[in-house]
There are 2 protein chains.
Amino acid sequence: MSSQASSPERGAGGSARREADGSARRAADGSAKRALTRGDVLDAAAAIVKEQGPRALTMRKLAAELGTAVTSIYWHVGNREELLDALVERTVADLGEIRAQGRSPATRIVSVTRALRAQLRGHPHLVAMVHERGLTERMFQPATQALVHEVHAAGLRGTQAAEVVRSLLFQVVGFVLVERNRERAPVQYPGDESLWDEATAEHDPALAKGLAAPPDPERLFLLSVRAMVEGLLGTRPRA
Amino acid sequence: MSSQASSPERGAGGSARREADGSARRAADGSAKRALTRGDVLDAAAAIVKEQGPRALTMRKLAAELGTAVTSIYWHVGNREELLDALVERTVADLGEIRAQGRSPATRIVSVTRALRAQLRGHPHLVAMVHERGLTERMFQPATQALVHEVHAAGLRGTQAAEVVRSLLFQVVGFVLVERNRERAPVQYPGDESLWDEATAEHDPALAKGLAAPPDPERLFLLSVRAMVEGLLGTRPRA
DNA sequence: ACCTGAACACCGTTCAAGT
DNA sequence: ACCTGAACACCGTTCAAGT
């Protein structure tokens, strides 16, 4: 409920920011000690979340990191939930534009999905946090915008265009989520071998191998997105 | 670390279970009091998770619900994390088979994705919990199995078949996730209207409306899956 | 305007002790 | 074999009090 309207670090577009990593206020060193700002809190919180996930972000740990009393944080950001809200908000705002590349609409659409996937992979915990806060639509706004443009260029309009855009967004999100799951837990239970033995794979060893471990997610991503674009537009995109 | 091997309620296939809703041990009523079993704990935990989400499942609340001391629970399930593990494990095991319907492979594939979506929607918190535990592959095993069969029937083999199966799974998961997000947070911030005004929708009001609120997720789901199947198989599925 | 420590209600978990 | 209360370390949050 604290109506802080500072909104620090809006940047000049979104890509380059890294210098101002709250290195100013270190108290543990005994060095110079500035006044704590809302931006400091967000920076420190962002660092913890990025490295250890949102679960590891406790108010007390954050305070220790900043060299302040726990209660000071509350003055600047309200409470933990509002802190996470602000963090997500800032990260989403800093994601930057998505630019299509290529000549044909189909190719340009594929390039947008690739850019979106790259963004999502760059912020491993962001998707879940955005999801919890009901900001999904907003987070995908830039990508949606770009897709709208390309779908229009492909000649689609109205409801049909909207459905194509949404199908593509869902595809990317689903892919990244499952992909990340595999990265985090490479060895599944009860283990891939037993899950895809000869019988369950219907005597198709190459298929069993393909399902047990996707050797090239990049390739799989391109393939599925291209299939989807082809099915939706009736045009085959080119590499 | 407690090696309890009871594994209650494995059922006779998976669909019908509902009678044994831990109504036996009610202590608050002052009625008859059986010995607490691992199954009781899992049942009560499942009820809480189903109604209020995994976050609301605290050991103390669970104990109160069961009419026991908190520490009794630990004897039966180890700790909170193992409790959730067991819960997910049991739920996944009880999900049941997925049967394809229809004549052509393309149509049957679509029917499998619909069944999978219905399963996921029936357990709103399951996907996230499974995801956290790295059990995604296992959870989708029945659906994958069914898809493998149909893709084989469509004449695909090996790596190509595996890629088709995976693309479809990703599509379904992504769809359900985003769909659920919209249900939970119907009013987005900063609001759909402002997000899709005339300019951002490139002067296509029907598209703006389509993106602001998907009137029929069922329809959108079918459309996108069919497009994907068509793009992957080169065959158009029929309703 | 900003920061502080004390205090509260709530967690998960351990452990010695009961039956 | 099962259950218990006491106790520990950790949470988020509030509040009166400082400067």
Side-chain angles (χ1 to χ4, degrees), chain A residues 1-8 22 24-28 30 32-45 48-49 52-87 129 132-133, chain B residues 1-8 22 24-28 30 32-45 48-49 52-87 129 132-133:
Chain A
M1 293 292 172
S2 84
S3 53
Q4 221 72 7
S6 52
S7 78
R25 216 194 114 91
R26 292 255 163 269
K33 193 167 180 176
R34 263 186 32 238
L36 187 67
T37 71
R38 187 181 155 90
D40 294 336
V41 176
L42 288 180
D43 287 341
I48 294 177
V49 168
Q52 314 183 46
R55 223 167 186 158
L57 179 70
T58 74
M59 302 301 269
R60 285 176 158 90
K61 181 192 283 184
L62 182 56
E65 191 75 23
L66 287 165
T68 3
V70 204
T71 42
S72 301
I73 299 177
Y74 283 82
W75 196 92
H76 286 284
V77 295
N79 57 35
R80 196 187 110 103
E81 207 47 45
E82 290 179 40
L83 168 58
L84 284 171
D85 286 350
L87 206 58
M129 294 173 70
E132 278 179 3
R133 281 160 185 78
Chain B
M1 292 296 173
S2 83
S3 52
Q4 222 71 7
S6 50
S7 78
R25 217 194 112 92
R26 291 258 162 267
K33 193 165 177 176
R34 262 185 34 236
L36 186 68
T37 70
R38 184 181 156 94
D40 295 336
V41 176
L42 288 181
D43 287 340
I48 295 178
V49 168
Q52 315 183 44
R55 223 170 185 155
L57 179 71
T58 73
M59 302 301 268
R60 286 175 156 90
K61 179 192 283 183
L62 183 56
E65 191 76 23
L66 288 165
T68 4
V70 205
T71 42
S72 301
I73 300 177
Y74 283 83
W75 196 92
H76 286 283
V77 295
N79 58 34
R80 196 186 110 101
E81 207 47 45
E82 289 179 41
L83 167 58
L84 284 172
D85 286 351
L87 206 57
M129 293 173 71
E132 277 179 2
R133 282 162 184 76

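Bear in mind the structure is a predicted one, so any value in this text is a computation, not a measurement. Just so we're on the same page: letters track the sequence lines, and every chain starts at 1.
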Within the 4.0 Å limit for protein heavy atoms, which parts of nucleotides 8-19 of chain C are touched? Write it as a string from 5' to 3', B for base, S for sugar-phosphate only, - for none.
---BBBBB----
Run A:Leu83 and A:Leu57 through side-chain contact (heavy atoms from CB on, under 4.5 Å) and show every step you take.
CA-CA 10 Å; A:Leu83 168 58; A:Leu57 179 70; 4.0 Å; yes
Nearest 0.5 Å, what's the CZ-CD distance between A:Arg55 and B:Glu132?
5.0 Å
Rounded to the nearest 0.5 Å, how far does CG of B:Leu66 lie from NZ of B:Lys61?
13.0 Å
Between P on C:dC3 and CZ on A:Arg38, what's the gap in Å once rounded to a whole number?
14 Å
Any heavy-atom pair between the side chains of A:Arg133 and A:Leu84 that's under 4.5 Å?
yes
To the nearest 0.5 Å, atom CG of B:Leu62 lies from atom OG1 of B:Thr58 at 7.5 Å
Rounded distance [0.5 Å steps], CG in B:Asp40 versus OG1 in B:Thr37
3.0 Å
What stems show up for DNA chain C when you take Watson-Crick pairs (N1-N3 plus N6-O4 or O6-N4) and G-U wobbles (N1-O2, O6-N3), both under 3.5 Å, and require three or more consecutive pairs?
C:4-8 with D:12-16, C:12-16 with D:4-8
Side-chain N,O (A:His76) to OP1/OP2 (C:dC3) below 4.0 Å:
yes
Rounded to whole angstroms, how far apart are CG on B:Leu66 and P on D:dC2?
16 Å
Within the pair B:Thr68 and D:dC3, is there a side-chain N or O less than 4.0 Å away from OP1 or OP2?
no
4.5 Å side-chain heavy-atom contact, B:Val70 and B:Arg60:
yes
NE2/B:His76 to CG/B:Leu36 distance, rounded to the nearest 0.5 angstrom?
4.0 Å
